[in-house]
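Labels below follow one simple rule: chain letters A, B, ... track the order of the sequence lines, proteins then strands, and each chain is numbered from 1.
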Amino acid sequence: MPHWLQLMLDSLAPLLWACLVFTVPLTLLSFAFGLTLGFLTALARLYGPRPLVALARFYVWIIRGTPLLVQLFVIFYGLPSVGILLDAFPAALIGFTLNVGAYSSEIVRAVIASIPKGQWEASYSIGMNWAQALRRTVLPQAARTAVPPLSNTFISLVKDTSLAAAVTVPELFQAAQRIVATSYEPLIIYIEAALIYLALSSVLSALQDRLEHRLARASGLAPEAAR
Amino acid sequence: MIRLADIVKSFGDLTVLKGVSLAVREGSVTALIGPSGSGKSTLLRCVNLLEIPEAGQLVIGGETVRFTGRPPERETLRRVRRQTGMVFQNFQLFPHRTALGNVMESLIVVLKWPEAKARARALELLDKVGLADKAQAWPAQLSGGQQQRVAIARALASSPRVLLCDEPTSALDPELSLEVVEVLAQLAREGTTMLIATHDLRLAARVAQDAVLLEAGEVVEGGPAAELFTRPRQERTARFIATLGHGVVSDQGAEPG
Ligand SMILES: Nc1ncnc2c1ncn2[C@@H]1O[C@H](COP(=O)(O)OP(=O)(O)O)[C@@H](O)[C@H]1O
Ligand SMILES: [Mg+2]
């Protein structure tokens, strides 16, 4: 067996373990929380009272305007000096959640706003109130349009979790760094880590495709037409 | 009886309705005609409170709404909308629901009927508009005429006191508009109260007992449809009817928003 292959096989178990225990949970949790936050932020910006609109805009402005790595450093290394001490994983989770929240709020806001006014009016005309029109008419249609851009956010997030290594979360990328520290084989090990990220995002892309097809079928549209 | 009295509605500086009064007898059909931009859509939308007039009065069933410039109570909105159904120029079916789902929507969500009862009622209505076999079709799979018939069934689902139709045929080719005219004529024979904004003389003549000409936000002339179309009292009415006869007027695409 060639040396590089042996090395890859030997390091596969610890890398996959780090992926399973840290990368995947960090991704899933911050996406779920972030999407919820993004949805509420979008509603606040679209329909909230003025102070809430201002707050939502401020939040999105800050998060989109600063590097994710710097945000993570502020939360993990910076906040302790004002007495807020967080473990690495929760700190990273907060950072990624805020990040997903800001980006997805822009997506959610755009897709909700893109639903024609006539759909609201049709809902009102059959007696629905605002909340019913939102829940039954607007959101289901908005969700379909939102799948491709939100999938992009999700796939970016998987890759971005590697930044958590910098705030001491022992996720996939940090596990790779540790192996490199003892094996002195950066090229092979980092390529292996890259391949695992690639596999993860490919699985997500495939899931996205299937979801889009299903949503398209559930409205009598060809998948092409639904894009 | 649906009665509008001295309805005033403006958008910014533009006064679109300048004190419009109009009554629709129970069980009768009134055609609302007039040039593009004369305020027909706005007037219809004032009846189901998609637009809130600044002044005037709306009487529908036992409900009297006096407009004072303040938004009406939510309860008022709810009661008025329960008594009105609306058919839009461009159908506005819910694209993510089947024909059946579109018609069931108000029964389930608003009236909270049980599923089976709502389904039975919706199928009955689809049958009435000749689309029983399309119950499971998605709006995207239906022709424009079929979509508009589903929209009519949807508007009728919760048994409104009046059906408001905003140019129900003007987005359709002549052949397709015919099937919609047939359905509306059938409803008229059954005694459905309707207020129909239209440029389609064929529709107006077949379906309406009464007609009202609106121009620049004012009622020019109103009365029995047959008289208004054949022996208008006003010069302006005669001129407008003449333009319709040549089929030169079409509101298609002129809708705001
Ligand atoms: N939401 C709106 N905002 C501003 N202007 C409007 C709005 N709706 C209608 N209008 C204006 O009101 C006038 C009457 O419009 P409308 O009621 O649609 O006329 P019609 O249906 O007879 O063509 C037009 O000048 C139109 O541009
Ligand atoms: Mg109009």
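Residue B/Arg3 qualifies as open at atom CZ: its count of foreign heavy atoms under 6.0 Å is 12 or below. Annotation: B/Arg82, atom CZ; neighbour count of heavy atoms from other residues, nucleotides and ligands within 6.0 Å does not exceed 12. In A/Trp17, the CH2 atom is not crowded: 12 or fewer heavy atoms of neighbouring residues, nucleotides or ligands sit closer than 6.0 Å. Heavy-atom neighbours of A/Phe58 CZ from other residues, nucleotides or ligands within 6.0 Å: at or below the threshold of 12. Atom CD of B/Glu75 has more than 12 neighbouring heavy atoms from other residues, nucleotides or ligands inside a 6.0 Å radius. Counting heavy-atom neighbours within 6.0 Å of A/Phe33 CZ, excluding the residue itself, gives a total of 12 or less.
Neither the backbone nor the side chain of B/Leu77 comes within contact range of chain A, judged by heavy atoms closer than 4.5 Å.
Side-chain atoms of B/Pro95 and A/Gln119, non-hydrogen and from C-beta on, do get closer than 4.5 Å to each other. Residues B/Phe94 and A/Pro140 are not in side-chain contact: their nearest non-hydrogen atoms beyond the backbone lie 4.5 Å or more apart. By the 4.5 Å heavy-atom criterion applied to side chains, A/Glu121 and B/Met86 are not counted as neighbours.
Between A/Ala122 and B/Gln92, the shortest heavy-atom contact is CB-O, 3.6 Å. Minimum interatomic distance between A/Ile126 and B/Ser106 (heavy atoms only, all atoms of both residues): O-CB, 3.5 Å. Closest of all the heavy-atom pairs between B/Val109 and A/Met128 is CG1-CG, 4.4 Å.
One finds the CG atom of B/Leu49 at 13.0 Å from the OH atom of A/Tyr124 (value rounded to the nearest 0.5 Å).
Panel note: side chain B/His96, backbone A/Arg136; a donor-acceptor pair is recorded below 3.5 Å.
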